[in-house]
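Working notes, structure below.
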Number of protein chains: 4
Amino acid sequence: MSLTLHSSVDSRKDKETVILDAACRVFREKGFHQARITDIAQAAGISYGLVYHYFKSKSDLFDAILKEWWTGLFNLMEKWDNGETSVEDQLAALVAYFLEQYQKKPDLVHIFITEISRSAANLTPARLHWFKMFLSSTEKIMSVGQANKILRTDIKARYLTYIFLGAIESFVSAMVLENQPLRSKAQKLRIAVGLLQVFMNGARPVKQ
Amino acid sequence: MSLTLHSSVDSRKDKETVILDAACRVFREKGFHQARITDIAQAAGISYGLVYHYFKSKSDLFDAILKEWWTGLFNLMEKWDNGETSVEDQLAALVAYFLEQYQKKPDLVHIFITEISRSAANLTPARLHWFKMFLSSTEKIMSVGQANKILRTDIKARYLTYIFLGAIESFVSAMVLENQPLRSKAQKLRIAVGLLQVFMNGARPVKQ
Amino acid sequence: MSLTLHSSVDSRKDKETVILDAACRVFREKGFHQARITDIAQAAGISYGLVYHYFKSKSDLFDAILKEWWTGLFNLMEKWDNGETSVEDQLAALVAYFLEQYQKKPDLVHIFITEISRSAANLTPARLHWFKMFLSSTEKIMSVGQANKILRTDIKARYLTYIFLGAIESFVSAMVLENQPLRSKAQKLRIAVGLLQVFMNGARPVKQ
Amino acid sequence: MSLTLHSSVDSRKDKETVILDAACRVFREKGFHQARITDIAQAAGISYGLVYHYFKSKSDLFDAILKEWWTGLFNLMEKWDNGETSVEDQLAALVAYFLEQYQKKPDLVHIFITEISRSAANLTPARLHWFKMFLSSTEKIMSVGQANKILRTDIKARYLTYIFLGAIESFVSAMVLENQPLRSKAQKLRIAVGLLQVFMNGARPVKQ
DNA sequence: TATGAATGAGCTTTCATTCAT
DNA sequence: AATGAATGAAAGCTCATTCAT
């Protein structure tokens, strides 16, 4: 009996995951507004009515997907609150997070880029809140980098933030568009290092 | 009489322009799919029926907006066919085009970025065609830059293209998001130079 | 001056006729509801606004077309009120009227058949009124024919009416469909005679 | 359990039938173009959205109605391919089919006449295809009748086809218009025989 | 849990009609 | 007389969401 219950709970989690994965795929393919619940249900191999058994609404389902993204990201960033991690390491860790996520869930990264980062103007208040928190945290890193003279100061910290995220996003978008998989750990490292190098080179202080 | 006729022709053009401008604004605010004809008509101060007097459909209206963008861009790029312009100058001209357009029509630039560049996966065939032509042309510039040893070759020309465009887009997106106006010619130049510098620095060949 | 006025009146008539002819063509091609004022104006070589200068509405324009039809038909039939014309001659005259009209204005006949005769269930009260008057008059002829023993009585006069008109309509429809012109007077006569013969043969009293 | 499943399947069929019947009624009353989905839904006692749950579009719904008509008709006619049925019997069977259908589904017959037979000029390609097949098959019967000297040859087989179908249609139209029900089998037979007689008499070869 | 029937708000588009010029 | 800009009612269709089974 208890086994049944347990497996039933697991089954709930499993089904939720199946739906979330399907939704991820469909949201990435069509975008939030163009994605239909029917599409998601079909992709998950269930009836569309069942989606509402697990999620309150389309919006709710979307937020559940985003939650995964933000949880991972803020878990990572809150470790830096003690100030012991170098700017380079923090930026490297950010790049690494994007690439790791891209490896595990490319759709999730793509959704973040297109539906959040690139659509910031139209976000719901809750979604905007998380995004702004993320921007602020990244901007703080840039400010420290400027204070430490490893980043140029003739471009505002917020702009450096945009450039940095833009570079990551471009790279990832490109890989999505080209359908490029991240095969080995080595390859991931090489790209991460290259990407960071391009940014740090580009953003290093100019000799007057 | 000729004046009347002339002003009548102008009136049609004027109204078309009013609609196009309103559409530009609304498409930027809400995105193509979320923008309603009613919104556009309201923004233009006319009834929704009139939109269809000037444009065949919502899609047609959108294409009319894009046409302006592509016309300007390809007019610029076809001058380089003779091979007499340096890679740096071509890239600088591209940056300048984006910034100039952003100054004149920030919404247009934003639409290009969000609806074309960042949504390439869902474009209509016609729209994809133009975008791919643009990508190819830019990639060709990067290839020449690599051949001339002013751009690193450990990153594929197509990826350099994405990074370059991504940097421009990030910058412009940031300005859109921050509602940052481009006040003086000097400011525009400074940003363009800075942006190009960041890219060229970041993308310059690595000493082995 | 008076010449000018006169020619102006003529010009009004002319333009009205042009519109009526165009409308006839378009109504026949598309049916009343599918015909657009724009189509008619285009067919007439004028702007759609001008149609409303000559006719109050689309419905009004349609009625103006029908008026031509009914006027001719009732002009013909009222001559028979004195009872001096034989049943055969009356039926022959009816056939002749349809064929003549078909020769002069095939579209008009087609409109009568499809929009009035075959759509009797949906007519406006005014249009239904005229149609019912025509049916009654024709039925009266059939009744006389039955009384005179030249038409079978085992089929109600009203049904004979439908068959008779149905035969004419079939023939004319066929000619319309096959795009068959009525070339000579002789040909017209031959068809009229044949058609009448088919009906009279078919409808003649059965020997018990 | 199996009962529940079965009744569920039935329920889908039932609802489809309810919609088809309602559509039949409305299409007959207003014609295809004037019939609104709302009308059909109202007639079926459901919401308009549900119509789209069962049928892809208004056109699709219309075709579903026509399919019933053509299926019955071609099932009947393909039995004659072996050439063993006499011309009279074939024509009689056609008349009978129209009358039987009229008895069961008068709206269906009316729709065929007004929307297909009488509107052949504006049919969609698919609809025209079926209609032309039917015309050809009927024309073939007439040709055989002419070869067998039981039908006059001074009228082309195709024209005889039009007259024959026109006679049936007139009759049926009349019954529709007069709201005349077909009460008994005997009555149906009498009308069928009368109708065929009228045609065969009218179309029999003329003695020279 | 699971299904899909049922609903209706909401969107694009068409087109008769009006009216300023 | 003549044009076509302007309006808005009306219709087809989509799809998130609810709910009976």
Side-chain angles (χ1 to χ4, degrees), chain A residues 8 11-12 15 33-41 44-61, chain B residues 4-5 7-9 11-12 14-16 19 33-41 44-61, chain C residues 8 11-12 15-16 33-41 44-61, chain D residues 1 4-5 7-9 11-12 14-16 19 33-41 44-61:
Chain A
S8 156
S11 138
R12 172 167 187 109
K15 194 61 68 85
H33 286 292
Q34 266 43 59
R36 292 169 303 174
I37 293 291
T38 300
D39 299 327
I40 294 169
I46 58 173
S47 72
Y48 58 84
L50 194 55
V51 173
Y52 288 89
H53 189 79
Y54 291 92
F55 299 94
K56 222 174 68 231
S57 68
K58 185 178 164 183
S59 202
D60 193 54
L61 176 53
Chain B
T4 312
L5 271 172
S7 89
S8 158
V9 165
S11 142
R12 173 164 189 114
D14 281 0
K15 192 57 69 86
E16 259 181 42
I19 296 175
H33 287 292
Q34 266 40 61
R36 291 168 303 173
I37 293 292
T38 300
D39 298 327
I40 294 169
I46 58 173
S47 73
Y48 58 83
L50 194 55
V51 174
Y52 289 91
H53 192 77
Y54 289 94
F55 299 93
K56 228 174 58 232
S57 68
K58 185 177 163 181
S59 201
D60 191 55
L61 175 54
Chain C
S8 158
S11 140
R12 170 165 190 111
K15 194 58 69 85
E16 258 182 42
H33 282 107
Q34 265 43 60
R36 291 168 303 174
I37 294 290
T38 300
D39 298 327
I40 294 170
I46 59 173
S47 73
Y48 58 84
L50 194 54
V51 173
Y52 287 89
H53 190 79
Y54 291 93
F55 299 93
K56 221 174 69 232
S57 69
K58 185 177 163 182
S59 201
D60 193 56
L61 174 54
Chain D
M1 201 61 159
T4 312
L5 271 172
S7 88
S8 158
V9 165
S11 140
R12 171 159 192 118
D14 282 359
K15 193 55 70 84
E16 258 181 41
I19 296 174
H33 287 291
Q34 265 41 60
R36 291 167 303 172
I37 293 292
T38 300
D39 298 327
I40 294 170
I46 57 173
S47 73
Y48 60 84
L50 194 54
V51 174
Y52 289 92
H53 192 78
Y54 289 93
F55 298 94
K56 229 174 59 234
S57 67
K58 185 177 165 182
S59 202
D60 190 56
L61 176 53

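A note on names: the letters A, B, ... follow the listed sequences, proteins ahead of strands, and every chain is numbered from 1.
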Self-check item: Complement of E:dT17, any strand, by Watson-Crick or G-U distances under 3.5 angstrom
Solution: F:dA6

Quiz prompt | Nucleotide forming a Watson-Crick or wobble pair with E:dA9, both distances under 3.5 Å | solution = F:dT14

Quiz item: Any side-chain heavy atom of A:Q34 within less than 4.5 Å of one from B:Q34?
Solution: yes

Quiz item: Between A:K58 and A:L61, is a side-chain contact (heavy atoms from CB on, under 4.5 Å) present by the stated rule, with each step listed?
Solution: CA-CA 5 Å; A:K58 185 178 164 183; A:L61 176 53; 5.6 Å; no

Using a heavy-atom cut-off of 4.0 Å across all strands, would you classify [X] as base, sugar-phosphate, or nothing?
X: C:F55; result: nothing
X: D:I37; result: sugar-phosphate
X: B:A35; result: sugar-phosphate

Provide, to the nearest angstrom, the distance between the [atom1] atom belonging to [X] and the [atom2] atom belonging to [N].
X: D:D39; N: F:dA11; atom1: CG; atom2: P; answer: 8 Å
X: C:Y54; N: F:dA1; atom1: OH; atom2: C1'; answer: 6 Å
X: C:D60; N: E:dA16; atom1: CG; atom2: C1'; answer: 13 Å
X: B:L50; N: E:dA20; atom1: CG; atom2: C1'; answer: 14 Å
X: B:Q34; N: F:dC15; atom1: CD; atom2: P; answer: 12 Å
X: B:H33; N: F:dC15; atom1: NE2; atom2: C1'; answer: 15 Å
X: B:Y48; N: F:dT7; atom1: OH; atom2: P; answer: 11 Å
X: C:I40; N: E:dC15; atom1: CD1; atom2: P; answer: 12 Å

Would you say [X] reaches [N]'s phosphate, i.e. side-chain N/O to OP1/OP2 under 4.0 Å?
X: A:Y52; N: F:dC19; answer: no
X: D:K58; N: F:dA11; answer: no
X: B:R12; N: F:dA5; answer: yes
X: B:H53; N: F:dA5; answer: yes

Exercise. Working to the nearest 0.5 Å, report the span between CD1 of D:I37 and CD1 of D:I19.
Key: 9.5 Å

Quiz item: Which distance, rounded to the nearest 0.5 Å, do you find between the CD1 of D:I46 and the OH of D:Y54?
Solution: 7.5 Å

Exercise. Over all heavy atoms of both residues, which pair between D:V51 and D:A41 is shortest? Give the atoms and the distance, please.
Key: CG2-CB, 4.0 Å

Self-check item: 5' precedence on DNA chain E between A:G45 and B:S59 (nearest-nucleotide basis)
Solution: A:G45

Self-check item: Earlier contact from the 5' end, DNA chain F, for C:S47 and D:G49
Solution: C:S47

Quiz prompt | Closest-nucleotide 5' rank along DNA chain F - winner of B:K15 and D:T38 | solution = B:K15

